[in-house]
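Worksheet: the structure to be examined is printed underneath.
Computation of the quantities below employed the complete heavy-atom set of this structure, encompassing side-chain atoms and omitting hydrogens, waters and symmetry-equivalent molecules. Proteins come first, then strands; the chains are lettered A, B, ... in the order of their sequence lines, and each starts at number 1. What you are looking at is a predicted structure, and each value in this text was computed from that prediction instead of being measured.
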Amino acid sequence: MKMLTAIIKPFKLDDVRDALSEIGISGITATEVKGFGRQKGHTELYRGAEYTIDFLPKVKLEIAISADQVDAVISAISSSAKSDDEGKIGDGKIFVSNLEEVVRIRTGETGSVAL
Amino acid sequence: MKMLTAIIKPFKLDDVRDALSEIGISGITATEVKGFGRQKGHTELYRGAEYTIDFLPKVKLEIAISADQVDAVISAISSSAKSDDEGKIGDGKIFVSNLEEVVRIRTGETGSVAL
Amino acid sequence: MKMLTAIIKPFKLDDVRDALSEIGISGITATEVKGFGRQKGHTELYRGAEYTIDFLPKVKLEIAISADQVDAVISAISSSAKSDDEGKIGDGKIFVSNLEEVVRIRTGETGSVAL
Amino acid sequence: MENTIIEMQFAIDTFYFLVMGALVMWMAAGFSMLEAGLVRSKNTAEILTKNVGLFAISCTMYMIYGYDLMYGGGIMLEGIEVVAKDATYAAPSDFFFQVVFVATAMSIVSGAVAERMKLFAFFAFAIVFTGVIYPMEGAWTWNGESVFGLFVLGDLGFSDFAGSGIVHMAGAAAALAGVLVLGARKGKYNKDGSSNAIPGANMPLATLGTFILWMGWFGFNGGSVLAMASKESANAVAMVFLNTNAAAAGGVIAALILVKLLWGKADLTMVLNGALAGLVAITAGPDTPTALEATLIGAIGGVLVVFSINILDRVFKIDDPVGAISVHGVVGLWGLLAVPLTNPDVLFSGQLAGAGTIFVWVFGTSLVLWLALKAIIGIRVSDQEESEGVDIVECGLEAYPEFTK
Amino acid sequence: MENTIIEMQFAIDTFYFLVMGALVMWMAAGFSMLEAGLVRSKNTAEILTKNVGLFAISCTMYMIYGYDLMYGGGIMLEGIEVVAKDATYAAPSDFFFQVVFVATAMSIVSGAVAERMKLFAFFAFAIVFTGVIYPMEGAWTWNGESVFGLFVLGDLGFSDFAGSGIVHMAGAAAALAGVLVLGARKGKYNKDGSSNAIPGANMPLATLGTFILWMGWFGFNGGSVLAMASKESANAVAMVFLNTNAAAAGGVIAALILVKLLWGKADLTMVLNGALAGLVAITAGPDTPTALEATLIGAIGGVLVVFSINILDRVFKIDDPVGAISVHGVVGLWGLLAVPLTNPDVLFSGQLAGAGTIFVWVFGTSLVLWLALKAIIGIRVSDQEESEGVDIVECGLEAYPEFTK
Amino acid sequence: MENTIIEMQFAIDTFYFLVMGALVMWMAAGFSMLEAGLVRSKNTAEILTKNVGLFAISCTMYMIYGYDLMYGGGIMLEGIEVVAKDATYAAPSDFFFQVVFVATAMSIVSGAVAERMKLFAFFAFAIVFTGVIYPMEGAWTWNGESVFGLFVLGDLGFSDFAGSGIVHMAGAAAALAGVLVLGARKGKYNKDGSSNAIPGANMPLATLGTFILWMGWFGFNGGSVLAMASKESANAVAMVFLNTNAAAAGGVIAALILVKLLWGKADLTMVLNGALAGLVAITAGPDTPTALEATLIGAIGGVLVVFSINILDRVFKIDDPVGAISVHGVVGLWGLLAVPLTNPDVLFSGQLAGAGTIFVWVFGTSLVLWLALKAIIGIRVSDQEESEGVDIVECGLEAYPEFTK
Ligand SMILES: Nc1ncnc2c1ncn2[C@@H]1O[C@H](COP(=O)(O)OP(=O)(O)O)[C@@H](O)[C@H]1O
Ligand SMILES: Nc1ncnc2c1ncn2[C@@H]1O[C@H](COP(=O)(O)OP(=O)(O)O)[C@@H](O)[C@H]1O
Ligand SMILES: Nc1ncnc2c1ncn2[C@@H]1O[C@H](COP(=O)(O)OP(=O)(O)O)[C@@H](O)[C@H]1O
């Protein structure tokens with residue numbers, strides 16, 4: 001099993017969720033995060049003092065899947081999370097790591113069936 | 001070492017923390033997250049328009065432990081995070097992944113001793 | 001590639017970000033979390049009732065890097081996140097785990113070049 | 001010309017009554033904000049709805065029936081002119097001023113039963129409380145009617161200037177009955193009987209609510225002089241304003257010092273309760289004390305409220321999320337008992353008789369009503385609804401939908 | 001001595017006018033809080049800036065030009081004494097009272113165009129609206145001037161006591177024109193035409209705003225009696241206070257029952273709109289109904305607003321984030337039409353003529369103005385700015401910078 | 001009958017005084033909300049506690065000693081009737097009106113020292129400031145006493161109608177002394193001397209606070225006419241209301257345009273400061289300007305405040321989290337100096353003498369007092385407490401305990 005972690009723009013959340021639902025993904029955990037990256041932060045003002053906001057609002061999605069779903073999920077996220085056809089800086093990243101075990105608390109089931 | 005990530009219902013946090021304390025776990029990092037899963041979201045109203053909330057409030061716990069603690073921790077979480085004896089949909093999941101190294105910032109200690 | 005997860009004190013965020021920038025790290029995802037650990041929580045009052053806050057505010061940083069950067073990043077975080085020269089309890093931890101793949105959503109690039 | 005003068009007196013008194021009434025109406029916002037600040041965010045939308053709704057219900061029920069029951073004038077105010085025919089103010093201004101008092105009494109209840117009661121059960125209670133329970137005891141006190149033909153409170157030396165007992169303790173008595181029938185919030189008490197703190201979500205709102213109440217109280221007490229257009233009444237109103245403010249200040253300072261001594265910290269929630277306690281304490285007699293006496297009466301209120309909240313919470317296991325029973329009930333009683341200290345026309349025995357009458361009537365009828373509601377429609381949400389917060393089940397929306405919970 | 005009496009009448013009326021004006025000014029805070037509560041947090045700082053700015057612009061433009069256009073008295077109030085020379089109150093108090101009405105009308109617009117309009121385009125609109133568009137129709141109605149020499153509304157049996165039409169429906173007409181030119185918010189409507197709910201971020205603020213407006217409305221309607229210092233006027237003001245409150249209560253109760261029946265939940269946002277609808281409904285004639293009639297007029301307003309918001313949103317696809325067009329426009333019209341029911345001096349035909357005149361004038365000129373602004377400077381932020389929230393692009397800061405979004 | 005008339009004048013003036021005083025009391029809520037919005041959430045509960053506490057302390061200290069020092073009448077108001085024996089209003093109403101001014105002056109200090117001062121050190125300062133420092137300069141100015149037997153300010157052509165100098169600049173002078181002794185917040189200035197922005201947590205609260213202050217200011221300035229019951233005074237009060245509002249509007253517009261020109265964005269925090277600056281600027285002489293002049297006086301205040309905040313922050317490294325020293329001090333001085341422009345009875349030299357006297361006295365005594373407090377009990381929390389927020393160490397609770405920080 002794999003754990004995919006995707007960082008996306010907040011207003012893309014609904015689109016990505018729909019895209020994932022379509023390919024049959026039924027579990028997602030979302031977190032509000034702040035991202036620092038190539039996307040330049042914007043300048044804010046406060047009582048006449050300008051300052052730069054480096055950490056921009058992002059949403060992090062964690063999705064546990066079986067290994068054979070990885071490609072499908074990556075492509076679903078990639079296409080639905082892009083700001084436009086070319087993509088914009090800051091559209092985000094997907095991280096893939098190994099997941100050794102899953103347990104469904106309610107039933108005690110483990111492994112893929114618990115996803 | 002292993003990293004356990006548990007998604008639980010928010011009002012179970014105190015129970016789970018107590019259960020973990022009892023088996024000697026002394027470090028937890030908790031995050032407020034929103035979960036999408038089998039548990040059906042509820043309908044909300046806003047100025048007469050109904051809409052469905054898919055993402056429900058959950059708490060994510062990250063717990064770094066040594067490999068031999070995994071079973072004990074899983075069973076402590078499982079029993080304390082259940083809504084009732086049979087468990088209810090949405091009670092959550094536990095994910096286990098491998099943890100290669102830990103560093104305690106204060107001392108520079110690494111490995112199990114740093115947990 | 002590796003994923004480093006650092007738990008630090010919130011008011012150290014700017015220092016750590018600066019230290020990371022200096023060694024050329026250009027991507028960080030930050031989350032506001034609550035930490036439970038050796039650092040004793042404080043007592044709060046509410047309408048005359050005292051109670052203990054166990055979960056203290058922390059910031060979690062997730063930093064995806066190539067394997068050869070691990071030592072440099074750990075030492076940059078370690079030195080910048082310490083409360084003072086000796087360090088204080090609660091200064092935090094760094095967790096290292098393996099990262100199998102990265103995708104940049106905008107371009108579809110994968111691997112180190114996508115970091 | 002004499003007529004013009006009389007008309008002007010009439011105009012001044014009416015104007016004064018309306019301004020004071022508008023200030024008391026403003027207290028509805030104060031209770032809303034105070035309570036919305038002291039509950040958890042998952043129960044905030046519901047308590048806001050409850051406060052807006054109870055105000056509307058109070059105004060309507062008192063218009064339909066309550067005012068007639070208390071002062072006469074006919075159902076739906078059809079004969080309202082009769083009530084105030086010799087008054088120095090316009091009849092509608094009297095109703096306007098009186099009606100906001102009913103809503104105040106009702107607001108006291110809403111905080112105590114917060115976070116677990118069914119919204120419409122509460123509204124059902126409000127209909128009866130504002131239409132009958134409050135007007136009955138109001139008739140015995142402010143309208144001087146005999147209590148079921150048994151005795152007349154005024155004759156016993158009872159006096160409650162602006163309602164420490166008639167409004168505040170009455171509200172607290174209804175709240176106490178409700179809390180006893182309803183039980184504590186889930187998670188409030190541990191198996192060993194110890195009590196958990198359940199912090200409110202938003203201290204700026206609670207503070208704003210307190211300031212609104214403080215301001216509105218000038219209308220509450222100041223308007224209760226019932227006249228302005230003479231030197232005597234102007235002096236009285238001015239003294240009432242001064243003393244109302246002084247008592248609130250005394251309550252704050254006493255609570256502040258006490259919590260600092262007891263716990264080493266300036267617990268804001270107790271300081272706010274101190275201000276309200278000072279205000280409740282002076283309400284029964286804001287006209288007779290000197291400024292210093294008013295400060296002390298308020299300060300004793302501030303001390304009482306700190307102990308009362310703790311004792312009710314820990315010893316009696318009465319779960320009152322906002323401390324309403326202590327602030328309005330315990331301190332309301334203190335307010336009544338303090339009157340004879342500065343007002344020689346009032347008797348301790350009379351105050352005790354009045355307090356007893358009000359409490360027995362309001363607590364008794366409320367208890368019956370709560371029990372009836374419990375039997376018929378149920379007054380408490382389910383355990384799961386309580387865990388998830390009453391906002392979603394009762395109002396279908398969240399107070400802060402964007403914030404993570 | 002007679003002179004002293006006249007001076008005192010003058011003092012009473014002036015004092016009354018100023019207090020009522022201060023209450024209406026307070027409504028600016030009410031609109032700000034209401035709107036700040038009903039938008040998403042990323043658009044909150046901008047709507048606050050907009051509300052503070054529009055109030056300042058209204059006061060300044062009406063001082064420079066609008067008051068003269070509506071009532072005479074000269075540009076920059078240089079001859080203001082002339083206007084009120086026979087009045088029983090100080091001339092500046094009349095201006096002070098009138099100016100806060102202009103700001104109210106303008107506040108109605110700001111909510112409807114929230115979350116997507118350019119801030120300075122809005123301010124440009126405000127300059128013309130408060131300097132010309134509103135004063136023109138104000139002159140035809142409250143100042144009795146003929147409409148372009150064609151007819152005099154008063155002669156047709158038109159009456160709008162405190163401005164259900166002149167202020168509220170006028171604001172809504174300008175808002176409607178703005179929304180039509182501006183279009184819906186991104187993400188409001190799906191491709192299939194269905195509508196999405198976009199919940200506001202902060203219900204306690206919205207509730208506070210509603211209570212502030214409720215309180216301020218006593219000044220709005222109560223002050224519109226324009227006199228206090230006689231028995232007759234004191235009685236009138238008192239009745240207006242009573243009825244204003246009763247109508248708001250009626251609106252709350254009707255909306256509460258209706259949403260409970262329709263959706264099984266007490267949707268707080270609709271309950272708040274019910275209160276405002278009750279207030280708007282009674283504004284055209286708060287002096288003639290009985291308390292019961294006022295409650296019913298308000299209740300019908302409360303019912304109307306629930307349906308109107310849904311129909312505008314879903315059927316007509318008019319995206320009005322705070323429901324201003326329904327609350328102030330649809331219910332404003334109802335308020336006008338309800339007057340003849342209790343006031344025999346007013347004709348339905350006159351009300352329709354007045355409503356038509358106001359609507360055609362305000363909607364027409366506003367439409368032209370919005371279109372002109374769109375052509376010249378643009379009125380809508382870019383898509384990306386809208387996604388990120390207008391706070392950052394327009395104000396350069398965030399309303400809650402510490403909270404995660 | 002003549003007696004009745006005199007009584008009615010007395011009633012009108014008293015009523016007016018009380019209403020104005022209630023509005024000024026309301027400013028305490030305004031300062032609380034403004035400051036609570038402009039600090040970080042971890043310091044919010046403390047600033048709320050500070051504001052409630054300082055209000056209570058001001059009321060109590062001024063009652064015990066301050067009023068006597070300023071106007072006579074005896075300790076604890078025991079001879080208060082004497083002070084107002086020839087007045088046209090009730091003696092307690094005079095105290096009530098005066099006391100809320102003291103609290104206003106003290107509120108100004110609390111914002112400037114926010115986020116780092118020990119709560120009880122602040123309260124200790126408040127006791128002396130409200131009991132002695134303010135009453136002394138108040139006696140020299142509004143009570144016409146000679147300054148240590150040296151000169152009488154009134155004789156020099158000094159005039160400060162409602163307290164641009166006596167209240168606002170005095171508060172700012174005490175604040176400045178406090179900030180100098182206390183130092184900047186941790187993290188405010190970098191090693192290279194550059195300054196960091198530290199955004200406040202809650203813009204809706206800050207905006208609400210500004211609107212509350214705006215409303216309360218009608219009482220502040222309007223009440224300072226000190227009489228209402230004649231044509232002349234009614235006209236004066238009306239003009240004061242009009243000009244107070246106009247100046248605030250001018251301050252908003254000037255700040256809005258200026259920040260848009262300077263930074264291209266409508267920085268809400270500066271717009272709010274513009275409103276307050278307009279209000280402070282007009283306070284020294286709201287009775288003599290025309291509406292246009294008042295707008296301009298306010299507008300210049302709005303411009304001054306934008307520059308002043310920047311210069312104090314970046315050039316002088318004075319860390320004032322809410323901008324109180326600029327808003328109340330710099331603009332307060334401007335307000336004093338603007339009086340001779342429209343009031344021929346007032347001399348520039350007199351205004352300078354008055355400003356100098358107030359500043360030297362208040363700044364000097366405050367500096368000594370802050371230094372003494374620093375030496376005796378310490379005035380600053382520890383570094384770690386500051387990092388974690390003063391709420392937990394001082395109040396033991398959090399303002400928004402549920403939100404992630
Ligand atoms: N190396 C990294 N480690 C962790 N998170 C990263 C890393 N690089 C980027 N991110 C996250 O991804 C987001 C988008 O990255 P950014 O570099 O701005 O643009 P792009 O997605 O186009 O590469 C960042 O805001 C951050 O949250
Ligand atoms: N595949 C998954 N990946 C990530 N998180 C998941 C996944 N499945 C479930 N979750 C998380 O676990 C929570 C509970 O899951 P759910 O399917 O609702 O019920 P159950 O725990 O009974 O299986 C979800 O709200 C979500 O946060
Ligand atoms: N085993 C663990 N698993 C997950 N998070 C941990 C663990 N131990 C500590 N933490 C996190 O690190 C933070 C600091 O740890 P703590 O034990 O308080 O002090 P120290 O960093 O000095 O060891 C905690 O607040 C918690 O967020």
Side-chain angles (χ1 to χ4, degrees), chain D residues 1-2 5 8-9 12 15-16 19 23 40-41 199-204 207-208 210-212 214-215 218-219 222 228-235 237-243 245-246 248-253 256 260 263-269 271-272 275 290-292 295 403-405, chain F residues 1 4-8 10-12 14-15 17-19 21-22 25-26 28-29 32-33 36-37 44-46 48-49 51-53 55-60 63-64 76-78 80 89-93 95-96 99 119-120 123 202 205 208 393-404:
Chain D
M1 205 167 79
E2 189 160 341
I5 294 182
M8 263 165 56
Q9 288 179 316
I12 293 172
F15 180 27
Y16 146 81
V19 172
L23 286 174
R40 286 165 290 177
S41 56
N202 196 321
M203 291 303 119
T207 307
L208 175 64
T210 303
F211 271 119
I212 293 175
W214 192 324
M215 188 200 203
F218 294 124
M228 174 50 107
S230 71
K231 188 155 188 169
E232 196 193 334
S233 46
N235 270 321
V237 177
M239 198 64 208
V240 167
F241 266 65
L242 195 166
N243 280 343
N245 195 51
V252 166
I253 293 174
L256 191 58
K260 182 76 181 174
W263 297 289
K265 312 233 160 142
D267 179 345
L268 172 62
T269 58
V271 173
L272 300 180
T290 66
L292 185 69
T295 307
F403 302 162
T404 51
K405 263 178 306 204
Chain F
M1 207 165 75
T4 317
I5 294 181
I6 293 177
E7 290 218 358
M8 263 165 55
F10 186 90
I12 293 172
T14 301
F15 180 27
F17 236 10
L18 293 173
V19 173
M25 175 269 152
W26 183 224
S32 296
M33 295 301 115
T44 302
E46 195 259 359
L48 294 167
T49 311
N51 271 281
V52 177
F55 189 81
I57 289 172
S58 302
C59 292
T60 306
M63 182 267 289
I64 293 178
M76 294 174 194
L77 309 184
E78 54 194 13
I80 187 175
Y89 40 74
S93 68
F95 174 78
F96 179 71
V99 74
L119 183 61
F120 281 81
F123 286 149
N202 197 321
L205 279 189
L208 175 65
V393 56
E394 293 293 13
C395 302
L397 49 72
E398 297 167 69
Y400 310 99
E402 294 185 13
F403 302 162
T404 53

* Take D/W214 and F/F55 through the test ring pair (Phe, Tyr, Trp, His ring centres under 6.0 Å) and record every step on the way to the result. => CA-CA 12 Å; D/W214 192 324; F/F55 189 81; 5.1 Å; yes

* Okay, side chain of F/E402, backbone of D/S41: is any donor-acceptor separation there less than 3.5 Å? -> yes

Can you say whether [X] sits under 4.5 Å from chain D via the side chain, the backbone, both, or neither, judging by heavy atoms?
| X | value |
| --- | --- |
| F/F15 | both |
| F/L18 | both |
| F/F17 | neither |
| F/I6 | neither |
| F/F120 | side chain |
| F/V393 | backbone |
| F/L119 | side chain |
| F/L208 | side chain |

* **D/P204 side chain reached by F/Y400 side chain, heavy atoms, under 4.5 Å** => yes

Quick check on [X] against chain F: is it the side chain, the backbone, both or neither that has a heavy atom closer than 4.5 Å?
| X | answer |
| --- | --- |
| D/V237 | both |
| D/I212 | both |
| D/T295 | side chain |
| D/F218 | side chain |

* **Pick from F/S58, F/S93, F/A29, F/G53 with the largest number of heavy-atom pairs that fall under 4.5 Å of chain D** => F/A29

* Can you tell which of F/P92, F/G37, F/A90, F/C59 has the highest number of heavy-atom pairs within less than 4.5 Å of chain D? -> F/P92

* side chain to side chain donor-acceptor pair (under 3.5 Å) partners for D/D267, two or more places apart ->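 Checked D/D267 against side chain to side chain donor-acceptor pair (under 3.5 Å); matches are D/T269.
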
* To do: Identify the heavy atoms of F/L77 and D/A291 that sit nearest to each other, and give their distance.
  =>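 Shortest heavy-atom separation between F/L77 and D/A291 comes out as CD1-CB, 3.7 Å.
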
* To do: Specify the closest pair of heavy atoms between D/Q9 and F/T4, including all atoms of both residues, with the distance to one decimal.
  => NE2-CG2, 3.3 Å

